[in-house]
Amino acid sequence: MAIDYNIFYENFASDKLLSNTLMSEYTSFKVGGAADLIIMPTNAEEVKKAINICNDKSFPYFIMGKGSNLLVGDAGYRGIIICMSKNLEKVKLVNDCEIKAEAGITLSKLAGFAMEYSLAGLEFASGIPGSLGGALYMNAGAYDSEMKDVVLSAELIDNKGNELIMQSNEMELGYRSSVFQKNNYIITNVTLKLLKGDKEQIKDKMSDLNGRRKEKQPLDLPSAGSTFKRPPNHFASKLIDEAGLKGFAVGGAKVSEKHAGFIVNYNNATASDIITLMEHVKVTVYEKFGVTLIPEVEIIGDF
């Protein structure tokens, strides 16, 4: 039975709301059915307001960044998607080496801002196709660096609508893990501590890393980046490759021939194609090597 979400139209401007909208338009996999309602808040107070309404009315909700690490079911999502990446993109220099930014800003834009002020440390993030909030939530990383190397503090909203400030040593940042995942904290603002550097050297390093990424990864096809986390003492892509799964396809989804760690949407895949292929990869790798692959991609909605 459809839920009456009219209370959101009474509390938010209509241009911040999208009803019955395909999630394929908002995820990097380019798959997913319609969400009942998408809210695009413009500040932390509106995020808090949306969460309080959801809690008060017992509406299911999901916090989304750029949708670059997300798989939504073909039947969509019954509930509220709070999309942080459309309007929460402000960034400013706090002092000579610190930047404060809203959670919805893209990592590429944030890294570019740091470069303009000759601040080093975010070069690794310039090619990661996600938002700042999502990157901190996952402790995203690349090229031997990760978010825990640069984060100083974060402003949060807990699942009861309370506002908190957390220092980096409280975040429990590990490999693709954080306290935010354990406690469903919503990141609204992040302060980063960087280092003074040379603008041209920073620019050159970003160009080098992005060139290496383009050379090795299937950036020309929709995907959610690395599909599986790195197992202890192994590399997921190496295991998948050695299992003979490069190029293996289910429907319109396949294991990339360019990088076995990526599942790509190469021919109008459905979410069911992707999740079926993920399961096949997991089973095959376990049967051959006794290693359990854990998805790095977040999966929501109805399949």
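As the structure is a prediction and not an experimental result, all values here were calculated from the model.
- Other residues, nucleotides and ligands place more than 12 heavy atoms under 6.0 Å from the OH atom of Tyr5.
- Between Lys148 and Ser168, every side-chain heavy-atom pair lies at or beyond the 4.5 Å cut-off.
- No more than 12 heavy atoms of other residues, nucleotides or ligands sit less than 6.0 Å from atom NZ of Lys205.
- For Lys160, the side chain to side chain contact (heavy atoms under 4.5 Å, CB included) criterion is met by Asp158, Asn162, not counting sequence neighbours.
- Under a cut-off of 6.0 angstrom, the local environment of CZ in Phe235 is sparse, with at most 12 non-hydrogen atoms contributed by other residues, nucleotides or ligands.
- In this structure, Ser223 and Ser28 approach most closely via the heavy-atom pair O-OG, 2.6 Å.
- For residues 148-195, there are no ring pair (Phe, Tyr, Trp, His ring centres under 6.0 Å) pairs, not counting sequence neighbours.
- Atom CG of Asp144 has 12 or fewer neighbouring heavy atoms from other residues, nucleotides or ligands inside a 6.0 Å radius.
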**Message:** Determine whether Leu173 and Met147 satisfy the following criterion, side chain to side chain contact (heavy atoms under 4.5 Å, CB included), listing intermediate values before the conclusion.
**Reply:** CA-CA 8 Å; Leu173 296 172; Met147 292 304 297; 5.6 Å; no
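- Looking at Met278 and Phe228, their side chains come closer than 4.5 Å, going by heavy atoms from C-beta outward.
- Residues Pro231 and Leu293 form a side-chain contact, since some pair of their non-hydrogen atoms from C-beta on lies under 4.5 Å apart.
- Two residues are said to be in side-chain contact when any heavy atoms from C-beta on lie closer than 4.5 Å; Ile274 and Leu277 fail this criterion.
- Looking at heavy atoms from C-beta onward, Lys48 lies out of side-chain contact with Thr188 at the 4.5 angstrom threshold.
- In this structure, Asn11 contributes its side chain and Ile7 its backbone to a donor-acceptor pair below 3.5 Å.
- Transitive grouping of hydrophobic side chains (ILVMFWY, heavy atoms separated by less than 4.5 Å) keeps Leu209 and Phe262 in distinct clusters.
- The pair Glu279-Lys282 meets the salt-bridge criterion, since a charged nitrogen lies less than 4.0 angstrom from a carboxylate oxygen.
- Between the side chains of Asp74 and Ser272, a donor-acceptor pair is found at a separation under 3.5 Å.
- For Leu18, the side chain to side chain contact (heavy atoms under 4.5 Å, CB included) criterion is met by Thr21, Tyr26, Ile38, Met40, not counting sequence neighbours.
- Heavy-atom contacts from other residues, nucleotides or ligands closer than 6.0 Å to NZ of Lys49 number more than 12.
- The side-chain heavy atoms of Asn189 and Leu88, taken from C-beta on, include no pair separated by under 4.5 Å.
- No side-chain heavy atom of Met64 sits less than 4.5 Å from a side-chain heavy atom of Lys86.
- With Ile240 as the partner, the side-chain contact (heavy atoms from CB on, under 4.5 Å) test is satisfied by one option alone out of Ile263, Thr227, Val255: Val255.
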Donor-acceptor pairs are to be reported for all side-chain atoms of residues 294-303 against protein atoms at under 3.5 Å, with residues two or more places apart or in another chain.
none

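- For Lys66, the NZ atom counts as loosely surrounded, since its 6.0 Å shell holds 12 or fewer non-hydrogen atoms of other residues, nucleotides or ligands.
- Separation of atoms CE (Met166) and OG (Ser178) is listed at 9.0 Å; rounding is to 0.5 Å.
- Applying the ring pair (Phe, Tyr, Trp, His ring centres under 6.0 Å) rule to His280 yields the partners Phe248; only residues at least two apart in sequence or on another chain are considered.
- At least one side-chain heavy atom of Met84 sits under 4.5 Å from a side-chain heavy atom of Ile82.
- In plain terms, the two heavy atoms of Lys199 and Ser118 that are nearest each other are CB-OG, 3.5 Å.
- The backbone N or O of Leu152 lies less than 3.5 Å from no partner atom in the side chain of Thr191, so there is not a single donor-acceptor pair.
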**Check against side chain to side chain contact (heavy atoms under 4.5 Å, CB included), Phe59 and Asp36** = CA-CA 11 Å; Phe59 294 154; Asp36 287 346; over 6 Å; no
**Prompt:** Stepwise, does the side chain to side chain contact (heavy atoms under 4.5 Å, CB included) test hold for Glu102 with Leu132?
**Reply:** CA-CA 8 Å; Glu102 291 181 324; Leu132 173 59; over 6 Å; no
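- Separation of atoms NZ (Lys203) and CD (Glu116) is listed at 8.5 Å; rounding is to 0.5 Å.
- With sequence neighbours left out, Asn268 forms a side chain to side chain contact (heavy atoms under 4.5 Å, CB included) with no residue at all.
- The closest donor-acceptor contact from the side chain of Glu98 to the backbone of Val94 lies at 3.5 Å or more, if one exists at all.
- Environment of NZ in Lys196: crowded, with over 12 heavy atoms of neighbouring residues, nucleotides or ligands closer than 6.0 Å.
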